Amino acid sequence: MEFRFNDEQAQLRDVVARFCRDKAPSSAVRRVMATDTGHDHDAWRQMGAELGLIALHVPEDMGGLGFGAVELGIVMEELGRSLLPVPYLSSVLATSALAEIEDAAVREPLMAALVSGSKLATLVLDSTNGHPVSGELVAQDDRLTGSVRAVLDGHRADLLLVVVRAPHAPTLFAVDAASSGLTKRPLQVMDRTRRFAGFRFEQVPAARLGTLDDAQVERIYDTALVALANEMAGGAQALLEATVAYTRTRVQFGRTIGSFQAIKHRLADLLVDVELAKVAGYQAAAALAAGEDVSANASLAKFVTADAYMGAAREAIQLHGGIGFTWEHDTHLWYRRAKSSEVFLGTPAWHRERMIREMTA
Amino acid sequence: MEFRFNDEQAQLRDVVARFCRDKAPSSAVRRVMATDTGHDHDAWRQMGAELGLIALHVPEDMGGLGFGAVELGIVMEELGRSLLPVPYLSSVLATSALAEIEDAAVREPLMAALVSGSKLATLVLDSTNGHPVSGELVAQDDRLTGSVRAVLDGHRADLLLVVVRAPHAPTLFAVDAASSGLTKRPLQVMDRTRRFAGFRFEQVPAARLGTLDDAQVERIYDTALVALANEMAGGAQALLEATVAYTRTRVQFGRTIGSFQAIKHRLADLLVDVELAKVAGYQAAAALAAGEDVSANASLAKFVTADAYMGAAREAIQLHGGIGFTWEHDTHLWYRRAKSSEVFLGTPAWHRERMIREMTA
Amino acid sequence: MTAPAPAQDALAREVRQWLARNWDPNLSLAEWRERLADAGWGQPTWPTEYYGRGLNAEQALVVQAEFARIGAVGPATAGPRGLAAATLLEHGSDAQKKRYLRGITTGRDAWCQLFSEPGSGSDLAGATTRADWDGARWIVNGQKVWNTSAHHADYGILVARTDWNLPKHQGLSYFLIRMKQPGVEVRPLKQMNGHASFNEVFFTDAVVEADDLVGKPGQGWQVALTTLSHERAGFTSIRGAEKLRHGDQRIYREYAREIEIANEPYTWYPQRAGRIDMLLDRARESGAIEDPVARQEIAGAIALQRCLGWFGARGLAKGPAGSIAKLAASRVARAGNRAHTIVSGIDALFEGPDSPRDGIVGEILLSTPATSIAGGTDEVQKNIIAERILELPREPRFDDGPFKDVPRN
Amino acid sequence: MTAPAPAQDALAREVRQWLARNWDPNLSLAEWRERLADAGWGQPTWPTEYYGRGLNAEQALVVQAEFARIGAVGPATAGPRGLAAATLLEHGSDAQKKRYLRGITTGRDAWCQLFSEPGSGSDLAGATTRADWDGARWIVNGQKVWNTSAHHADYGILVARTDWNLPKHQGLSYFLIRMKQPGVEVRPLKQMNGHASFNEVFFTDAVVEADDLVGKPGQGWQVALTTLSHERAGFTSIRGAEKLRHGDQRIYREYAREIEIANEPYTWYPQRAGRIDMLLDRARESGAIEDPVARQEIAGAIALQRCLGWFGARGLAKGPAGSIAKLAASRVARAGNRAHTIVSGIDALFEGPDSPRDGIVGEILLSTPATSIAGGTDEVQKNIIAERILELPREPRFDDGPFKDVPRN
């Protein structure tokens with residue numbers, strides 16, 4: 001039932017899958033979860049230096065490997081099949097935003113630092129961009145003021161790439177995380193494998209990288225959605241597989257619980273959810289790669305995969321029974337990731353509305 | 001699992017249940033369905049003259065039997081367990097509206113004609129009353145102008161009781177169905193056991209019965225909702241019972257399909273739907289009888305019972321398989337009633353919104 | 001597009017030359033298809049001895065492309081005749097192929113499928129229509145149901161029970177039966193949406209000649225599986241009103257009429273699928289486009305349908321995964337019903353001319369329940385997915401003894 | 001309210017007089033409850049020979065009303081001690097009742113329930129913790145789980161397998177076991193929401209004296225059914241932080257502390273139930289009250305909860321119908337989770353102090369999944385409804401042979 005990717009893409013999937021399998025057994029995830037940064041620095045270094053994944057989607061003329069959204073989707077899906085705690089998504093968001101800057105002289109030094117992994121950046125969008133983020137920022141004389149509720153990997157990023165719309169056209173700024181006037185508040189998150197921090201900006205000096213048009217801002221946002229959607233599809237798949245495996249071995253009333261027809265039918269329904277979620281992710285990635293207007297389908301992918309993931313997480317706990325509700329069993333780690341992903345970058349309801357808005361614009 | 005009604009109420013239920021069983025076997029319903037009026041005139045006469053059901057809820061000092069909303073709910077639930085095609089609901093709506101008129105001299109002659117069954121009346125609400133009815137009416141010098149999309153039993157009513165708000169305070173008018181300027185269009189309905197007609201009013205002379213305050217208009221509407229909700233709960237119950245009975249006898253793969261666990265679990269879920277729908281109907285009726293502010297719970301009852309009924313209708317067809325999709329099997333008659341009831345007097349979504357509006361007012 | 005291989009070039013040239021000599025839109029449809037059958041170009045993959053050319057699927061595409069290029073009409077394909085042909089090609093005797101395949105491809109004979117019974121729906125192999133050997137012929141008694149186009153059919157492919165002492169799958173045989181005979185009565189079966197696309201067929205001492213048994217007695221189920229696999233492959237594609245119109249000549253008029261008759265039972269199929277395509281326009285008409293709650297329902301329905309389309313378009317819906325597409329189609333239909341209801345509001349009360357879009361909306365509301373039943377219920381699809389894809393244990397069997405002892409309706 | 005019958009008047013007078021002579025809020029809780037046990041007024045329905053008065057349920061209400069009137073503290077009720085007492089009263093020997101009931105009602109002894117095992121959740125009767133007779137005593141080995149308050153408990157009610165050659169329900173026996181002994185190890189079990197309300201209990205050659213077997217060997221399942229029926233009756237009522245506060249005297253302070261300890265494992269139970277009560281206020285806080293889509297979710301959740309409340313309040317949730325209430329409670333919890341998610345939006349990312357309402361919202365999102373598992377999974381409830389209310393056929397049995405041969409984890 002796998003959509004046929006080409007050989008190179010299949011290889012890429014294998015490499016990432018093997019890497020995640022090696023790096024993210026439950027014990028490793030739990031060990032990293034308990035650290036301050038919540039990131040597996042060793043794995044992250046290897047993803048950059050050895051696997052080249054940080055540079056994967058960055059155009060070759062910008063120092064990247066020049067792969068497209070389809071390959072990025074593959075990496076995200078495989079990462080999503082594990083809980084490997086690395087700041088890949090924030091890195092993708094930041095480098096995608098930076099790639100929109102045409103002025104090479106401005107872009108180059110930053111991109112080089114990000115792609116090499118020597119600096120970690122994340123992307124900050126505020127609600128004035130029309131995205132479901134709480135907080136607003138204003139740029140005045142290249143100083144930023146305002147606040148943003150939750151920034152992905154903000155607790156650890158060296159650099160914030162900030163899209164500010166007010167009071168002028170959307171502009172991409174770079175802000176050093178150590179700037180004066182910037183107050184960072186690491187947040188206690190439900191999904192401890194994916195951290196967020198809140199920021200308050202008071203006259204924070206910012207480097208103006210360039211203005212963006214609305215289409216560019218939307219493309220950055222859509223790229224984020226599609227990446228997250230593919231990750232969620234992978235997570236849903238992982239939960240389905242784990243749950244099916246469990247029902248095949250767990251015995252109650254003298255038979256495996258996977259032999260009960262009511263369970264079988266629910267797992268069949270879940271498989272349908274997951275398969276449709278996967279194609280939603282693939283299709284959005286392919287459309288993005290083809291340069292099509294992807295906003296409607298990016299939102300579609302976000303809510304279809306989020307619903308499938310949450311559904312899979314709910315069923316996983318239910319079908320594991322009591323053990324599924326315990327701390328020591330991994331199911332809740334996935335449930336937390338699913339819940340976190342459901343609301344990050346906009347709830348499913350928000351994206352259903354956006355899809356209709358895009359379709360009727 | 002039956003809520004304990006008192007003995008008198010239980011007797012009433014038995015009487016109505018027996019009556020419906022006698023009068024509404026499939027053959028009778030299908031015969032009446034094919035007639036012009038779509039009403040079982042004989043059964044309707046008996047409901048009035050012999051069983052006193054038309055006068056049941058009308059106060060004693062208005063010539064009725066003086067029973068309350070709970071008894072009315074019982075009658076509606078039992079009617080809903082059959083498809084007996086009689087204009088009871090429209091009669092209830094009209095007499096409930098008329099009962100709000102305090103001036104006995106105005107009210108009496110009309111009420112006497114309705115309660116005796118010598119005239120059939122129905123109620124017309126338009127969208128200016130804030131209810132989800134398409135069409136608007138204006139009263140000018142006791143003449144009505146405008147249109148209303150769908151009036152219950154309008155094809156046959158002798159009298160329309162019309163609540164008109166524009167341009168003054170809400171006022172109840174009586175309009176003779178034979179009035180000049182009134183154009184009636186019988187409509188082809190999905191549920192052929194429950195007819196509707198559309199009306200166009202052009203300067204139609206109307207008898208002004210009295211003004212109503214907003215609370216009275218809402219009470220009339222809530223009474224209609226609660227009656228319909230109890231009917232829907234009865235319908236859902238009937239479909240559940242029929243479907244369970246079918247799965248107990250239908251054999252596939254050498255066993256009754258009701259022995260398959262997936263089917264068992266879905267029927268258990270359906271039972272939960274139905275039981276919750278029933279208490280929603282009972283509770284709303286009891287609150288109405290107690291004179292409490294019932295709008296939020298009347299809307300609750302409307303959407304809970306509508307969802308249960310549609311769910312039961314869908315499952316009934318599905319679990320009957322191919323035969324359930326045939327014209328000759330009765331399941332589709334119930335499905336049509338469920339779909340018709342789902343949207344009449346407002347969709348479930350509309351009532352969820354109204355409930356919140358009422359709760360936060 | 002890759003360049004055609006040299007061998008394919010030669011093939012294309014050969015077809016082109018033959019068409020140049022033979023194609024004439026002023027022929028009758030029947031005359032033209034007799035030419036096609038003689039030359040074998042109508043059914044390129046069929047064997048040369050049976051009106052075909054013995055080509056492979058890729059070569060067949062080359063042939064069809066040449067036909068399409070000049071607008072030449074193809075062989076008869078409408079209705080269950082294709083199922084009959086595929087089954088005969090795999091399991092029929094030489095005599096049967098000779099006798100029937102020509103009439104199938106020329107369109108001379110119409111066919112119907114006689115599998116489902118009132119008592120055996122999901123459990124097709126539980127058929128109780130019987131065929132008894134009277135020493136010279138098979139005598140058929142019983143009832144079939146859901147037989148599309150049986151009232152037009154000249155022949156039927158029939159599964160009937162010939163041995164009641166064997167387990168159920170082993171006692172069935174597969175027959176070709178003449179429909180125009182006294183013992184066969186066809187009655188239209190009206191559906192809840194008012195259409196009568198199907199029939200019931202009653203057999204009372206109907207006759208099947210000895211040489212119209214396909215395969216051996218008791219092999220009926222294996223033969224039927226061939227028919228079913230071809231049927232399932234066709235189910236998830238939505239039937240559209242096929243339009244091939246290159247001119248006003250006689251053959252195009254006859255061909256248009258053939259398609260019209262063939263599609264007649266299927267006019268409500270788009271409604272059965274939920275008519276997601278109409279939702280936004282309908283919402284603009286009704287004003288529901290302004291309602292955020294309706295917009296949620298519409299978005300959900302459109303998303304489901306797009307996902308189903310992508311799933312199919314990516315070639316994922318093959319084998320047991322066809323059941324995934326089938327279940328997804330049921331979801332689309334249900335979502336369409338819900339969304340059209342909220343979009344239409346009070347107008348969902350109506351049917352026929354009083355229903356929006358000249359009755360289409362009412363027909364949607366009354367047709368979608370068929371999607372999760374026809375062509376194998378959702379319940380059967382879920383069993384297939386659970387057992388064949390997820391590899392969960394099979395249901396315990398209660399019907400593996402001699403069929404006469406198996407509980408049934 | 002109907003007027004009390006004369007006999008009830010006399011009873012009330014008797015209680016009133018006794019309380020006037022004996023109730024003293026400056027006593028210690030233990031002292032007071034010893035008096036209660038001596039006089040039998042604490043447990044009016046228990047037999048007179050075991051610290052009760054042998055009254056019926058209606059009379060007991062009269063007694064309790066008198067206690068409530070003056071704020072007199074009642075007997076110990078918190079935790080599983082009530083289950084132990086009810087079971088002993090029905091199945092215990094005279095000696096066992098004498099030995100244990102007083103310590104239960106005075107609160108001297110704390111109890112826990114030792115039924116569930118890692119390998120037998122829904123299938124309680126599949127317990128594999130074993131009790132072997134060594135000629136003088138029962139030696140217990142195995143593991144139990146989900147044992148609330150086991151770390152405080154002096155005694156446990158234990159179901160263990162004593163015969164592996166009988167079918168599973170027939171090989172179980174019911175024991176009273178001392179928890180403070182070397183062979184019993186209690187470990188807290190942390191849940192996904194961060195609380196640790198339960199324990200795991202490990203038995204390694206733990207000892208049960210001969211006279212602590214309840215009923216006969218092999219009768220354990222029947223005895224356990226008594227315990228379970230009392231447990232189920234209590235499940236659907238939501239535990240609240242019971243408040244009885246009439247003064248600052250010693251007994252009230254001790255009583256408040258007792259309740260606090262007893263409720264400690266249950267602080268998250270309101271969150272588990274979905275906190276529908278908070279939805280509208282939370283929506284006002286977050287602004288979602290203006291969002292029509294959020295309003296739909298909130299309305300649906302509130303409606304479900306009201307219906308569940310009405311269903312219970314009308315006394316409909318008895319017997320197998322308790323399963324209806326239990327399933328409805330699962331729906332309420334799920335609806336609460338959904339509604340709180342849409343109401344909180346991005347704030348649903350957080351837990352603890354960064355989650356709205358000082359972490360309550362995060363705790364809701366992480367606790368609702370327990371509702372459809374604890375106290376019998378939804379799947380078990382659906383079987384009960386299907387088989388006992390709808391009277392559909394039972395599932396085929398695969399576990400009715402000798403237990404040693406039954407497949408298990």
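Owing to the predicted nature of the structure, the values given are computational and were not obtained by experimental measurement. A note on names: the letters A, B, ... follow the listed sequences, proteins ahead of strands, and every chain is numbered from 1.
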**Report entry** Ionic contact status for A/R255 with D/E395, cut-off 4.0 Å
**Finding:** yes

Query raised in the report: Quick one: what part of D/D378 sits under 4.5 Å from any heavy atom of chain A, side chain, backbone, both or neither?
Result: both

Query - Part of D/R334 lying under 4.5 Å from any heavy atom of chain A - result: side chain

Report task. Below 4.5 Å from any heavy atom of chain D, which atoms of A/F196 appear? Answer side chain, backbone, both or neither. Result -> side chain

Query raised in the report: Closest approach of D/I342 and A/A349, non-hydrogen atoms and distance?
Result: CD1-CB, 3.7 Å

Query - Audit row: A/K339, D/L366, side chain to side chain contact (heavy atoms under 4.5 Å, CB included) steps and yes/no - result: CA-CA 9 Å; A/K339 182 56 82 176; D/L366 290 168; over 6 Å; no

Query raised in the report: Heavy atoms, side chains only, cut-off 4.5 Å: are A/Q318 and D/E379 in contact?
Result: yes

Query - Under 4.5 Å from a heavy atom of chain D, the part of A/R352 involved - result: neither

Requested in this report: Counting only heavy atoms closer than 4.5 Å, note whether D/L365 contacts chain A via side chain, backbone, both or neither.
Outcome: both

Query raised in the report: So, the side chain of A/Q252 versus the backbone of D/G119: is there a donor-acceptor pair under 3.5 Å, distance only?
Result: yes

**Report entry** Check: D/M192 main-chain N/O paired with A/R336 side-chain donor or acceptor under 3.5 Å
**Finding:** yes

Requested in this report: Give, as side chain, backbone, both or neither, the part of A/R195 having an atom under 4.5 angstrom from any heavy atom of chain D.
Outcome: neither

Query - Non-hydrogen side-chain atoms of A/R250 and D/N409 separated by less than 4.5 Å - result: yes

